[in-house]
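Single-structure report; data block below.
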Amino acid sequence: VVSSCRRRGACYRYWVEFITKVDTWFLAAVYGSGVIMFAMATLLRDRPMPIRMVLALFAVALVFVGATVPLVTYGIEEDGHLESRGIWGSGTICHVDSIRSITPSQELRASEAASTDRLRIERTDGSTVLVAVRDKKGFLDAVVKASTVLHRDGLVVTRKPPGSASGSP
């Protein structure tokens with residue numbers, strides 16, 4: 001997907017965008033929890049009103065979270081910045097040339113990725129980010145294409161060995 005965007009006041013013509021992958025179990029757990037809390041609030045008629053209101057508010061919040069998590073997108077701007085965009089916030093993850101490696105991962109660590117089928121991005125500073133995109137191969141191709149120091153082997157992206165030609169294969 002190619003569209004235009006504005007970032008920090010500068011206009012970049014290309015934004016390659018990838019929609020987040022969301023597992024069905026995640027949506028079922030979030031919506032199911034919301035329904036259970038709402039049912040509990042309804043069934044606890046003999047309890048004080050504040051308890052029922054708190055349960056009902058948590059139920060609405062869970063349903064809202066379940067509805068908004070799938071709206072997260074990841075993209076690569078023409079200047080090489082890997083971005084995350086969503087209702088909960090947007091920002092730069094890193095520049096593609098500061099990526100050390102990208103590997104498939106099923107880590108359950110906290111992340112905005114609502115799927116266990118994730119990609120683990122390790123940056124040159126040692127920090128990691130977990131993302132889940134529907135089109136993994138397209139995402140990896142776009143990262144390698146935007147970078148001068150990365151190459152791809154299947155679903156693994158690593159830095160090119162020192163002395164290899166710049167540009168993507």
Side-chain angles (χ1 to χ4, degrees), residues 1-31 61-169:
V1 177
V2 178
S3 61
S4 62
C5 74
R6 293 189 67 77
R7 179 178 166 279
R8 295 187 192 100
C11 186
Y12 296 94
R13 290 187 359 190
Y14 299 105
W15 163 264
V16 182
E17 190 172 55
F18 297 91
I19 297 169
T20 193
K21 181 178 182 181
V22 180
D23 289 343
T24 306
W25 67 264
F26 174 82
L27 293 177
V30 170
Y31 288 138
L62 281 169
V63 170
F64 181 74
V65 166
T68 58
V69 166
L71 301 177
V72 174
T73 59
Y74 301 98
I76 303 167
E77 293 185 352
E78 76 175 1
D79 66 352
H81 283 92
L82 178 59
E83 301 270 332
S84 170
R85 306 222 175 205
I87 196 165
W88 299 106
S90 301
T92 301
I93 295 173
C94 64
H95 191 279
V96 293
D97 284 341
S98 70
I99 294 173
R100 179 177 292 148
S101 66
I102 304 176
T103 54
S105 173
Q106 293 195 339
E107 287 183 52
L108 296 178
R109 188 170 59 136
S111 168
E112 65 182 23
S115 171
T116 54
D117 185 18
R118 301 171 175 186
L119 292 171
R120 182 178 189 265
I121 300 173
E122 184 179 349
R123 296 181 272 205
T124 53
D125 66 2
S127 60
T128 61
V129 178
L130 297 172
V131 299
V133 291
R134 286 186 193 167
D135 179 13
K136 278 201 261 188
K137 292 178 181 176
F139 177 78
L140 295 174
D141 284 341
V143 168
V144 170
K145 184 176 181 183
S147 173
T148 58
V149 297
L150 298 174
H151 70 95
R152 179 176 165 210
D153 183 17
L155 290 178
V156 176
V157 171
T158 55
R159 294 180 79 77
K160 294 177 184 175
S164 38
S166 66
S168 11

Legend entry - Check: Val129 main-chain N/O paired with Arg123 side-chain donor or acceptor under 3.5 Å: no
Legend entry - NE2-CG distance between His95 and Asp79, expressed to the nearest 0.5 angstrom: 6.0 Å
Inset, instruction - May I ask you to test the Ile99-Cys94 pair for a side-chain heavy-atom distance under 4.5 Å? - result: yes
Inset, instruction - Please lay out, stage by stage, how Thr124 and Arg159 fare under the test side chain to side chain contact (heavy atoms under 4.5 Å, CB included). - result: CA-CA 10 Å; Thr124 53; Arg159 294 180 79 77; 3.7 Å; yes
Legend entry - Side-chain H-bond candidate by donor/acceptor type, Asp117 with Ser115, under 3.5 Å: no
Inset, instruction - Start with the C-alpha distance between Thr128 and Ile121, add both sets of side-chain angles, then the distance that settles side chain to side chain contact (heavy atoms under 4.5 Å, CB included), and finish with yes or no. - result: CA-CA 5 Å; Thr128 61; Ile121 300 173; over 6 Å; no
Legend entry - Under 3.5 Å donor-acceptor, Asp135 side chain and Gly138 backbone: yes
Inset, instruction - Determine yes or no for a side-chain-to-main-chain donor-acceptor pair under 3.5 angstrom, with His81 supplying the side chain and Gly91 the backbone. - result: no
Legend entry - Leu155 side chain reached by Leu140 side chain, heavy atoms, under 4.5 Å: yes
Inset, instruction - Considering only NZ, NE, NH1 and NH2 on the basic side and carboxylate oxygens on the acidic side, decide whether Glu77 and Arg85 come within less than 4.0 Å. - result: yes
Inset, instruction - Measure the shortest side-chain to side-chain distance between Thr116 and Asp23 over non-hydrogen atoms and say whether it is less than 4.5 angstrom. - result: yes
Legend entry - Close side-chain approach of Phe139 and Leu82, heavy atoms under 4.5 Å: yes
Legend entry - Under the salt bridge (charged side-chain N to carboxylate O under 4.0 Å, His left out) test, residues paired with Asp141 that sit two or more places apart: Arg152
Inset, instruction - Verify the distance criterion only: is there a donor paired with an acceptor across the side chains of Glu83 and Thr92 at less than 3.5 Å? - result: yes
Legend entry - Test ring pair (Phe, Tyr, Trp, His ring centres under 6.0 Å) applied to Tyr31 - qualifying residues, sequence neighbours left out: none
Inset, instruction - Please step through side chain to side chain contact (heavy atoms under 4.5 Å, CB included) for the pair Ser84 and Val72, ending with a clear verdict. - result: CA-CA 7 Å; Ser84 170; Val72 174; 4.1 Å; yes
Inset, instruction - Applying side chain to side chain contact (heavy atoms under 4.5 Å, CB included) between Ile102 and each of Val156, Val131, Val157, Val144, report the one that passes. - result: Val157
Legend entry - Stepwise side chain to side chain contact (heavy atoms under 4.5 Å, CB included) test for Thr148 and Asp97: CA-CA 7 Å; Thr148 58; Asp97 284 341; 3.3 Å; yes
Inset, instruction - Sequence neighbours left out, what passes salt bridge (charged side-chain N to carboxylate O under 4.0 Å, His left out) with Arg100? Give chain and number order. - result: Glu122
Legend entry - side chain to side chain donor-acceptor pair (under 3.5 Å) against Ser98, all qualifying residues, sequence neighbours excluded: none
Legend entry - With sequence neighbours excluded, residues passing side chain to side chain contact (heavy atoms under 4.5 Å, CB included) with Asp153: none
Inset, instruction - Decide yes or no for Leu27 and Val22: does some side-chain heavy atom of the first lie under 4.5 Å from some side-chain heavy atom of the second? - result: yes
Inset, instruction - For Ser101, check side chain to side chain donor-acceptor pair (under 3.5 Å) against everything at least two apart and list the hits. - result: none
Legend entry - Centroid-centroid distance, Tyr74 to Phe18, less than 6.0 Å: no
Legend entry - From Ile19 atom CD1 to Arg134 atom CZ, the distance as rounded to the nearest 0.5 Å: 5.0 Å
Legend entry - Within-4.5 Å side-chain heavy-atom neighbours: Leu130 and Leu119: no
